[in-house]
Amino acid sequence: MKKITVKEIGLALNKSRSTISKALADSPEISHKTKKMVRNYALTHAFEINSMVKLFKCIENRLIGVILPTIDTPFFSNLLCNFESSLASLGYHLIFMQSKDDLYLELECIERCAINNFAGMVILSTGNNLSRDRLKDLEKNRFPIVVIDEIFRFLDKK
């Protein structure tokens, strides 16, 4: 039996792809009646949610960026292992990046965390003003940041 797509379900039920996706994801935006209709159609027509897409969406908001100067020292590799163990026990996944104590590389790593909508960031910063300014902007927008081995007074909660 040929697998059907969200688009095909939408065409068959006269609903948008967005409505079908939300119904399959059990979104509170969609009525119980519509969810039931979409699920029944999907079940009877061999619809399978792409497990990789579902996994990525699930992980996407559970990613924590860890920016270290390097991982080739016992101190930083031990720190990374401890972060990973602690975060995994809370259901988070760790993505680590090396700044190599380079201002522009550090800014690039910070931007990756922000642009990719990570759940938060742990950073051992070079302490440069450009990074401080960018971290301050992120903090104002309620982006969770943990700064290690550097004092950023603007991050203090008042």
Side-chain angles (χ1 to χ4, degrees), residues 1-68 70-71 77 79-100 102-125 130-148 152 154-155 157:
M1 178 179 270
K2 179 186 172 271
K3 293 181 185 177
I4 62 168
T5 65
V6 169
K7 182 179 179 180
E8 291 169 329
I9 295 172
L11 288 172
L13 300 178
N14 199 27
K15 303 283 183 194
S16 71
R17 286 171 49 179
S18 175
T19 298
I20 301 302
S21 293
K22 288 177 182 179
L24 291 168
D26 200 24
S27 170
E29 298 175 47
I30 307 300
S31 72
H32 178 70
K33 179 182 174 185
T34 301
K35 287 179 194 177
K36 186 175 180 180
M37 177 178 60
V38 169
R39 287 182 184 149
N40 286 340
Y41 189 90
L43 284 172
T44 59
H45 291 85
F47 176 77
E48 289 181 29
I49 296 175
N50 182 328
S51 58
M52 288 305 290
V53 170
K54 189 173 181 179
L55 177 64
F56 183 73
K57 284 183 178 180
C58 179
I59 290 174
E60 185 175 25
N61 293 328
R62 307 292 288 177
L63 293 175
I64 302 289
V66 178
I67 304 169
L68 303 169
T70 183
I71 61 163
S77 60
L79 191 64
L80 194 57
C81 286
N82 287 321
F83 283 160
E84 196 279 329
S85 296
S86 298
L87 291 170
S89 70
L90 298 171
Y92 287 91
H93 302 276
L94 185 136
I95 301 291
F96 74 91
M97 295 165 261
Q98 296 183 89
S99 69
K100 300 179 183 175
D102 178 283
L103 157 70
Y104 297 103
L105 189 53
E106 181 176 283
L107 282 170
E108 184 181 318
C109 293
I110 291 169
E111 287 306 310
R112 281 189 203 150
C113 293
I115 290 169
N116 289 305
N117 223 8
F118 283 15
M121 173 189 335
V122 176
I123 181 170
L124 279 87
S125 176
L130 290 174
S131 289
R132 287 180 186 193
D133 291 344
R134 184 60 181 127
L135 291 171
K136 186 175 182 177
D137 289 342
L138 290 171
E139 192 265 343
K140 282 181 185 175
N141 290 316
R142 303 222 182 270
F143 188 89
I145 302 167
V146 175
V147 180
I148 298 174
F152 287 129
F154 65 83
L155 292 175
K157 300 300 178 200

Check step by step if side-chain contact (heavy atoms from CB on, under 4.5 Å) holds for Lys15 and Met37. CA-CA 11 Å; Lys15 303 283 183 194; Met37 177 178 60; 3.5 Å; yes

Check the pair Val66, Glu84 against side-chain contact (heavy atoms from CB on, under 4.5 Å), reporting the backbone distance first and the verdict last. CA-CA 10 Å; Val66 178; Glu84 196 279 329; over 6 Å; no

So for atom CZ, which belongs to Phe83, do other residues, nucleotides or ligands contribute more than 12 heavy atoms lying within a distance under 6.0 Å? yes

Grab the two heavy atoms, one from Ile71 and one from Ser77, that are nearest each other, plus how far apart they are. O-CB, 3.6 Å

Taking all atoms of both residues into account, what is the closest heavy-atom pair of Cys113 and Met121, and its distance? CB-CE, 3.8 Å

Output the distance between atom CD1 (Ile67) and atom CG (Leu105), rounded to the nearest 0.5 Å. 9.0 Å

List for me each residue that meets salt bridge (charged side-chain N to carboxylate O under 4.0 Å, His left out) alongside Arg17, sequence neighbours excluded, and say none if there are none. none

Measuring from atom CD1 of Ile148 to atom CG of Leu79, what distance do you get when rounded to the nearest 0.5 angstrom? 5.5 Å

Hey, does the side chain of Thr44 reach the backbone of Asn40 with a donor-acceptor pair shorter than 3.5 angstrom? yes

Heavy-atom distance under 4.5 Å between the side chains of Leu94 and Leu80, does that happen here? yes

Counting C-beta onward and ignoring hydrogens, is there a side-chain heavy-atom pair between Leu24 and Val38 closer than 4.5 Å? yes

By side chain to side chain contact (heavy atoms under 4.5 Å, CB included), Arg134 pairs with (sequence neighbours left out) Leu107, Ile110, Glu111, Ala114, Asp137, Leu138

As an exercise, state the distance from CD of Glu106 to CG of Leu124, rounded to the nearest 0.5 Å. 9.5 Å

Okay, side chain of Thr5, backbone of Glu8: is any donor-acceptor separation there less than 3.5 Å? yes

What residues, two or more places apart in sequence or in another chain, satisfy side chain to side chain donor-acceptor pair (under 3.5 Å) together with Lys22? Glu29

With sequence neighbours excluded, residues passing ring pair (Phe, Tyr, Trp, His ring centres under 6.0 Å) with Tyr41: His45

Provide the closest heavy-atom pair for Arg62 versus Gly91 in the form atom of the first, atom of the second, distance. NE-O, 3.3 Å

Reported SG-to-OH distance for the pair Cys109 and Tyr104, which is rounded to 0.5 angstrom: 15.0 Å

Ser31: side chain to side chain contact (heavy atoms under 4.5 Å, CB included) partners, not counting sequence neighbours: Lys33, Thr34

Nearest heavy-atom approach of Ala119 to Ile64 is CB-CD1, 4.0 Å

List for me each residue that meets side chain to side chain donor-acceptor pair (under 3.5 Å) alongside Ser18, sequence neighbours excluded, and say none if there are none. none

Minimum-distance pair of heavy atoms, taken over all atoms of Phe143 and Phe118: CE1-O, 3.4 Å

CD1 (Ile9) and NZ (Lys7) are apart, to the nearest 0.5 Å, by 13.5 Å

Looking at Val6 and Ser21, what are the two nearest heavy atoms and their distance? CG1-OG, 3.7 Å

For Asn82, does the CG atom sit with more than 12 other heavy atoms under 6.0 Å from it, leaving out its own atoms? yes

